[in-house]
There are 2 protein chains.
Amino acid sequence: MDRELLLLGLLRRSDMHGYQLHEFIERDLATCTELKKPTAYFLLDKMTRLGWIVQHEEREGNRPPRRVYHVSAAGEAQFQQLLRTNLSQPSSTRFGGDIGLIFANSLASADVVALLEQRRVVLAADLAATQAAPAHAGSLQLVIEHRIIHLESELGWLDTVIARFTASASTE
Amino acid sequence: MDRELLLLGLLRRSDMHGYQLHEFIERDLATCTELKKPTAYFLLDKMTRLGWIVQHEEREGNRPPRRVYHVSAAGEAQFQQLLRTNLSQPSSTRFGGDIGLIFANSLASADVVALLEQRRVVLAADLAATQAAPAHAGSLQLVIEHRIIHLESELGWLDTVIARFTASASTE
DNA sequence: TCCTGACTAGTCAATCTTGACTAGTCAGGA
DNA sequence: TCCTGACTAGTCAAGATTGACTAGTCAGGA
């Protein structure tokens, strides 16, 4: 339901059409969520069926008409509900990268170390890029900081993992 | 592809049937991944089509026959490939819980604080439960530790967020 | 003027995921 | 013996997600 919350929250600020929503999310919110174009349209259609938003055609110049979405009263109520749920419940995170570690003993420890070093480089670059990002206004600042803290934590953990495999590589 | 890696990795250890795989994942690997029953069967069918695994019927007593899966040579190669990719590339994490924070200014700061306190309680309980888990053997130990470190980091971050909203609540 | 490449706006088919269901087996009590 | 509830094994249809595609607009150069 996070994506529905996101769309409602953006539409609540100002009416938009689908493409505009998608662009905004890909450009400005890429750090905290992903929302492909067809998914955005799918969700907008679903929310229209549920009566959370209403759409109307709009025509600008001689460009083809666009569907502009507007949050209804029911949608506003839903937004409040979704927002409270989102804030009060932690979203459980699963680390796909841990699955490889479960099977790491299929490889020589030296190989595992080499592969994890690669992972480390990408992670460190991601952290550096996030830290270098310009200080954003208000609410997005929290998201950026969250990301930085998370990536720092990941790097620290990864280093302990690498250290362990390095140790076992020397005794093989 | 993480789920394919997981299934291949488990089947490589010993042949299993679908239900058995699902049970094992739900019971022992719930901390690091989720894999619903129909998804497991879907992926097993797909991997069979791709030639990564082969299935054969097996009958025990007068129970209904079961399909037992076995990793083929092509599947073994694929496993190595997927494992190396998984280890060398960090899996980018998205925090659905951050979406609510983007719109937190729609609520009174005092309300946000109350909601985040709830989130904190659940998170702390999760951490306590994970720390209390019995020390697992070898590779799963890494996953548990990862989870603990992550949850500690999340709690620390959440506390700074709560502090900020508490501060702004007092000036409203 | 005409062409090219970029931008806008959205659709489609294929794939993936899941809640709810079916259907057989078995152990233990009434 | 018969019934109930739990376990085993898997299916189905509905819903969600995405890569690849379509089709119109527009600016700028040849």
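Chain A is the first sequence line, chain B the second, and so forth, proteins listed ahead of strands; every chain is numbered from 1.
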Atom-pair distance ([atom1] on [X]; [atom2] on [N]), nearest Å:
{"X": "Tyr41(A)", "N": "dA16(D)", "atom1": "OH", "atom2": "P", "value": "18 Å"}
{"X": "Asp45(B)", "N": "dC16(C)", "atom1": "CG", "atom2": "P", "value": "12 Å"}
{"X": "Glu26(A)", "N": "dT17(D)", "atom1": "CD", "atom2": "P", "value": "14 Å"}
{"X": "Met1(B)", "N": "dT17(D)", "atom1": "CE", "atom2": "C1'", "value": "15 Å"}
{"X": "Lys36(B)", "N": "dG19(C)", "atom1": "NZ", "atom2": "C1'", "value": "9 Å"}
{"X": "Ile25(B)", "N": "dT18(C)", "atom1": "CD1", "atom2": "P", "value": "12 Å"}
{"X": "His17(B)", "N": "dG24(C)", "atom1": "NE2", "atom2": "P", "value": "19 Å"}
{"X": "Arg66(B)", "N": "dT8(D)", "atom1": "CZ", "atom2": "C1'", "value": "9 Å"}

For this session: Step by step, work out the ring pair (Phe, Tyr, Trp, His ring centres under 6.0 Å) result for His146(A) and Phe95(B).
Result: CA-CA 9 Å; His146(A) 189 186; Phe95(B) 297 105; 4.1 Å; yes
Exercise. Of Leu7(B), Leu6(B), Leu35(B), Leu43(B), which is the lone residue that meets side-chain contact (heavy atoms from CB on, under 4.5 Å) with Leu21(B)?
Worked result: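 Passing option: Leu7(B).
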For this session: From the options Leu127(B), Leu123(B), Asp126(B), select the one residue that forms a side-chain contact (heavy atoms from CB on, under 4.5 Å) with Glu154(B).
Result: Leu123(B)
Nucleotide nearest [X] (side chain, heavy atoms from C-beta), chosen from [options]:
{"X": "Leu43(A)", "options": "dG19(C), dA9(D), dT17(D)", "answer": "dT17(D)"}
{"X": "Lys37(B)", "options": "dA9(D), dT17(D), dA9(C)", "answer": "dA9(D)"}
{"X": "Phe42(A)", "options": "dG10(C), dG19(C), dT17(D)", "answer": "dT17(D)"}
{"X": "Tyr19(A)", "options": "dT17(C), dG10(C), dG10(D)", "answer": "dG10(C)"}
{"X": "Pro38(A)", "options": "dG15(D), dC16(C), dG19(D)", "answer": "dG19(D)"}

Answer yes or no: does a side-chain N or O of [X] lie under 4.0 Å from OP1 or OP2 of [N]?
{"X": "Arg67(A)", "N": "dT11(C)", "value": "yes"}
{"X": "Lys46(A)", "N": "dA16(D)", "value": "yes"}
{"X": "Thr39(B)", "N": "dC16(C)", "value": "no"}

Exercise. Which dot-bracket string describes DNA chain C (Watson-Crick N1-N3 plus N6-O4 or O6-N4, or G-U N1-O2 and O6-N3, all under 3.5 Å; [ ] crossing; | other strand)?
Worked result: ||||||||||||||||||||||||||||||
For this session: Would you classify His22(A) as touching base, sugar-phosphate or nothing, given that sugar-phosphate means primed atoms plus P, OP1 and OP2, and contacts are heavy atoms under 4.0 Å?
Result: nothing
Exercise. Hey, is Asp111(B) close enough to Arg84(A) for a salt bridge, meaning N to O under 4.0 Å?
Worked result: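 Here Asp111(B) pairs with Arg84(A) in a salt bridge, since their nearest N and O are under 4.0 Å apart.
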Problem set entry | Nearest non-hydrogen partners of Ile53(B) and Leu44(B), listed with the distance |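 Answer, listing the atom of Ile53(B) first, then Leu44(B): CD1-O, 3.5 Å.
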For this session: Please name the pair of heavy atoms, one in Ser168(A) and one in Ser109(A), separated by the smallest distance, quoted to 0.1 Å.
Result: OG-OG, 3.0 Å
For this session: Mind telling me whether Phe103(B) and Phe79(A) have parallel, tilted or perpendicular rings, with 30° and 60° as the class edges?
Result: perpendicular
